[in-house]
Amino acid sequence: MLRFDDRVAIITGAGHGLGRSHALMLAERGAKVVVNDLGGALDGTGASTGPAAEVADLITKNGGQAVANADDISTPEGARAVVQAAVDAYGKVDIVVNNAGILRDKSFGKMTVEEFDAVLAVHVRGSYLVSQAAYPLMKAAGYGRVVNTSSPAGLFGNFGQANYSTAKMGLVGLTKTIGIEGARNGIKANAIAPVAWTRMTEALLPAEFEAKFTPERVSALVAYLVHESCETSGEVFTVGAGRVARVFVAEGPGWKTDDVTPEAIEANWEAVMAEQPYVLTAGDSMKAML
Ligand SMILES: NC(=O)c1ccc[n+]([C@@H]2O[C@H](COP(=O)([O-])OP(=O)(O)OC[C@H]3O[C@@H](n4cnc5c(N)ncnc54)[C@H](O)[C@@H]3O)[C@@H](O)[C@H]2O)c1
């Protein structure tokens with residue numbers, strides 16, 4: 001059994017849905033958990049200390065260890081306060097699961113700059129801020145695990161979610177770079193792109209999905225990725241209904257000439273679009289250009 005005794009985990013947005021499930025699973029396996037949740041509505045408006053407190057109470061009632069925190073992770077002060085809550089209660093931070101999220105769906109042509117910025121602020125800036133606030137502690141300890149929460153809507157695009165898909169693909173870049181920079185200090189970062197039945201999706205998914213797409217089936221992957229036994233870093237996984245799959249950004253073999261013109265590219269478009277054999281790193285991409 002993968003256990004987390006003596007590990008301290010921060011889970012953002014853990015008052016509902018996926019974050020709640022991650023918090024319960026890690027706590028049941030021995031982790032000391034900071035249950036963060038602003039307690040607002042799905043669009044990020046409003047705030048309440050209730051949801052974080054309820055989950056922390058449930059963990060404690062079940063015999064686990066948890067403290068509640070209701071700070072807004074999208075602000076530098078809020079993110080610092082979440083990490084400080086972990087330090088005050090348990091003295092360190094081993095694990096950060098950036099899970100807090102909001103929606104402001106609108107078709108691209110109608111989306112306002114406020115709707116765009118609000119979504120990026122919670123998903124991207126919040127994940128950056130909480131991870132960065134915990135980073136010096138992880139570096140000093142020579143150990144850390146970060147999981148960011150992307151989405152199939154970001155990896156593959158989705159109608160009405162230009163803000164959300166921008167944010168969720170942004171998290172892939174953030175994850176990969178934290179993975180690269182953190183490697184020398186034992187810090188590993190990965191991203192998940194989940195599908196689960198929560199308040200965020202219950203109006204969108206067919207009713208029969210509720211029993212299959214449980215949050216717990218996503219938390220199982222999160223628990224593995226934040227365990228000390230997981231050696232993987234900088235990767236992205238889709239996860240839902242018991243299926244887990246690696247998602248990778250790949251570059252096809254490409255087409256190359258010394259005399260590149262728009263017409264030559266047009267004439268060789270099929271070769272440009274080919275998928276196999278692919279390369280997976282910026283280094284291999286550069287090699288293929290030389
Ligand atoms: N449910 C899915 O199928 C699905 C699919 C793809 C991605 N996701 C992502 O998974 C994560 C969890 O979503 P969920 O489905 O459990 O939805 P949810 O609404 O149940 O949970 C999100 C939680 O984040 C909290 N939150 C929002 N803004 C916050 C802030 N500024 N500071 C602190 N907490 C804040 C909310 O109060 C809420 O409890 C989100 O990042 C979401 O985008 C979910």
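Just so you know, ligand 1 is whichever comes first in the structure, and atom 1 is the first atom listed for that ligand. Note: hydrogens, waters and symmetry copies are ignored here, and every other heavy atom, side chains too, is used.
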Within-cut-off N or O pair, Ser151 and ligand 1, under 3.5 Å: no
Sub-3.5 Å N/O-N/O distance, Arg199 and ligand 1: yes
N or O pair under 3.5 Å between Val122 and ligand 1: no
Tyr164 to ligand 1, any heavy atom closer than 4.0 Å: yes
Which of the ligand 1 atoms, numbered from 1, are nearer than 4.0 Å to a heavy atom of Thr149: 9 (C), 10 (O), 11 (C), 41 (O)
Sub-3.5 Å N/O-N/O distance, Leu18 and ligand 1: yes
Ligand 1 contact by Arg20, heavy-atom criterion under 4.0 angstrom: no
Any Gly39 heavy atom less than 4.0 Å to ligand 1: yes
Ile102 N/O to ligand 1 N/O under 3.5 Å: no
Whether Ala196 lies under 4.0 Å from ligand 1, heavy atom: yes
Spatial distance of atom CD (Glu210) from atom OG1 (Thr198) [nearest 0.5 Å]: 10.5 Å
With Leu171 via side chain to side chain contact (heavy atoms under 4.5 Å, CB included) - residues at least two apart: His123, Ser127, Asn148, Lys168, Leu174
Whether Gly240 lies under 4.0 Å from ligand 1, heavy atom: no
Partner set under side chain to side chain contact (heavy atoms under 4.5 Å, CB included) for Phe108, not counting sequence neighbours: Ala162
Under-4.0 Å heavy-atom contact with ligand 1, by part of Leu42 that carries it: side chain
Any Asn99 heavy atom less than 4.0 Å from ligand 1: yes
Polar proximity ligand 1 side, Thr198 side, N/O cut 3.5 Å exclusive: yes
Among Glu202, Arg125, Met200, His22, closest by any non-hydrogen atom to atom 17 (O) of ligand 1: Met200
Derivation of the side chain to side chain contact (heavy atoms under 4.5 Å, CB included) call for Met25 and Val33: CA-CA 10 Å; Met25 188 176 282; Val33 179; over 6 Å; no
Close approach, Asp71 and ligand 1, non-hydrogen under 4.0 angstrom: yes
For atom 26 (N) of ligand 1, the option (of Ala100, Ser127, Gly19, Gly78) bearing the nearest heavy atom: Ala100
Sub-4.0 Å heavy-atom contact, Pro51 with ligand 1: no
Check: Ile192 and Val222 side chains under 4.5 Å, non-hydrogen atoms: yes
